[in-house]
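In what follows, residues are counted from 1 in the order of the sequence shown. Every number for a ligand or one of its atoms is a count from 1 in the order of the listing.
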Amino acid sequence: MRVLIIGSGGRESAFAWKLSKSPLLEALFCAPGNPGTAQIAANIEINIKDFSLIKSAVLQHSIKMVVVGPEDPLVNGLRDYFESDPQLKDVIFIGPDRLGAQLEGSKDFAKSFMKRWSIPTAGFKCFDSTNTDEGDSYLESLTPPYVLKADGLAAGKGVLILDDLAEAKRELRSVLGGRFGSAGNKVVIEEYLNGIELSVFVLTDGHNYLILPEAKDYKRIGDGDMGLNTGGMGAVSPVPFAGEVFMKKVEERIVIPTIAGLRADGITYKGFIFIGLMNCKGDPYVIEYNVRMGDPETEAVLPRISSDLLSHFIALGEGTLNNEKILINPMTALTVVTVSGGYPEEYVKGYQISGLESDTDTDTDSDTMIFHSGTKMAEGTVVTNGGRVLAITVLDQNIGKARDKVYSRVNRINYKEIFYRRDIGLDLLSFKG
Ligand code: AMP
Ligand code: GLY
């Protein structure tokens, strides 16, 4: 199989790493990729917003499978583009079409979908500039904290959680007035869910599905979950508070009705569904759907899959995922993301990174992985090129051992103004496991 991965972050680096292990792989490409993917795939330097350039690359390199990392190309209809082109329609495409991608692209769409199919989620209503006053009344009917969400994609920033009613009313107007651009033309207001968060990942061909290892993400910039929200500062899999009974509830109450609901709505969904969940006293509620894998969750999830992901992808294309068996390594994967000083606000790029080379005294290839996120090559060396720079994953017997090992590896990496959280997995140590 000749495979093209679309994207350039840590998630795509992890896909490249995992797919490169498959005996079914003939050639691997990544567009645009990064210096990490360049070690195992051929990077194709194109602007992935231009679908015609993706088409040219697919034809030029006889690519037979496209795996899409980020949500943007999906929300913008890359799958639809492939399906409607006679030269591309037979390419196996991992990712939903434009309509399916609305599960992530529109909070209103996702919430209405969940309501229609009785999938547990926080109670909600949607408002726009024509009924803002009704939004005020709805806010008054809720107890704080108040949750306001811009309907559209807002680069992960479109959710506000506020304690004060007057502030919530003000922010409702500010979001409708353009605080997040056109993403805020509609605003979903919803009940606050009290619980512990985790993410569950599903791969589906529209009928059959595989449930991937679950993960916990660390979203805030600072230790102890303090400070600004980021794309994700670390991840742990498995999640000790997602036991067998809980995961069974997730499958029966959420995964099965989601796939059946999509089908009943006329959407043949072929790709990943990332379900952001709240565990509220042992019961799962959906916070959000994403139509792709998470970053950095992928960097913790894929190292725990011991079966052949490429074989699962091929089966997805053929609609035979029911014949596939996913094998999951019971060990703990723990991922720490190193970022540029200042992230998620302003930061400087271009600092030289040292300590990437493996040290055979402490690393064994199989249990320490360094995934590149925001890096590039400059004059023969790897330099920082984004907010999130590297994702370092260790597989070990338990969270304590994985933490010790990952931090001793992270300590050997350096660049100017490097920053990372010291407490990834620390909160989970008190759970068994
Ligand atoms: P979202 O972009 O929908 O995932 O929301 C971002 C973050 O806001 C989530 O990861 C949660 O931590 C939090 N959040 C969103 N909705 C709720 C809710 N209804 N109750 C409590 N926290 C929420
Ligand atoms: N880490 C959260 C996300 O990928 O959306």
Can you see whether N385 engages T375 through a side-chain donor-acceptor pair at a distance of less than 3.5 angstrom? no
Among side-chain atoms of T130 and D128, is any donor-acceptor pair under 3.5 angstrom? yes
Have E251 and Y209 got a donor and an acceptor in their side chains that come within less than 3.5 Å? yes
Do S199 and D217 pair up side chain to side chain, a donor and an acceptor below 3.5 Å, judged on atom types alone? no
Examine the proximity of ligand 2 to E104 and report which part, side chain or backbone, both or neither, has a heavy atom under 4.0 Å away. neither
Per-atom contacts, ligand 1 versus E190 - under 4.0 Å to a heavy atom: 16 (N), 17 (C), 18 (C), 19 (N)
Show the atoms of ligand 1 that are less than 4.0 angstrom away from any heavy atom in K149. 3 (O), 15 (C), 16 (N)
Could you tell me the residue and atom name of the protein heavy atom closest to atom 20 (N) of ligand 1, and the distance to it rounded to 0.1 Å? L193 N, 2.8 Å
For ligand 2, which atoms, with element, lie under 4.0 Å from some heavy atom of R292? 3 (C), 4 (O), 5 (O)
Using the six-membered ring wherever Trp is involved, compare the ring planes of Y289 and F113 and label them parallel, tilted or perpendicular (cut-offs 30° and 60°). perpendicular
Value for CG (L356) from CZ (R412), rounded to nearest 0.5 Å, stands at 10.0 Å
Do N329 and S306 have side-chain atoms, one donor and one acceptor, less than 3.5 Å apart? no
Distance flag for atom 15 (C) of ligand 1, protein heavy atom under 4.0 Å: yes
What atoms of ligand 1 come within less than 4.0 Å of a heavy atom belonging to K219? 10 (O)
Taking 4.0 angstrom as the limit and counting only heavy atoms of G294, give me the atoms of ligand 2 inside it, by number and element. 4 (O)
Below 4.0 Å from any atom of ligand 2, is there a heavy atom belonging to R11? no
Close-contact set for ligand 2 against G231 heavy atoms, below 4.0 Å: 1 (N), 2 (C)
Classify the side-chain pair E417/Y351 by whether it contains a donor and acceptor separated by less than 3.5 Å. yes
Has I161 got any heavy atom lying under 4.0 angstrom from an atom of ligand 1? yes
Side chain or backbone of V159 under 4.0 Å from ligand 1, or both, or neither, by non-hydrogen atoms? side chain
With respect to atom 12 (O) of ligand 1, which of E197, E288, K107 exhibits the smallest heavy-atom separation? E197
Does E297 approach ligand 2 within less than 4.0 angstrom via side chain, backbone, both or neither, non-hydrogen atoms only? side chain
Taking only non-hydrogen atoms of M278 and a 4.0 Å limit, the atoms of ligand 1 in range are 21 (C), 22 (N)
Between E134 and S137, do the side chains contain a donor N or O and an acceptor N or O under 3.5 Å apart? no
Whether K169 and E140 form a salt bridge (side-chain N of Lys/Arg under 4.0 Å from carboxylate O of Asp/Glu) is what I want to check. yes
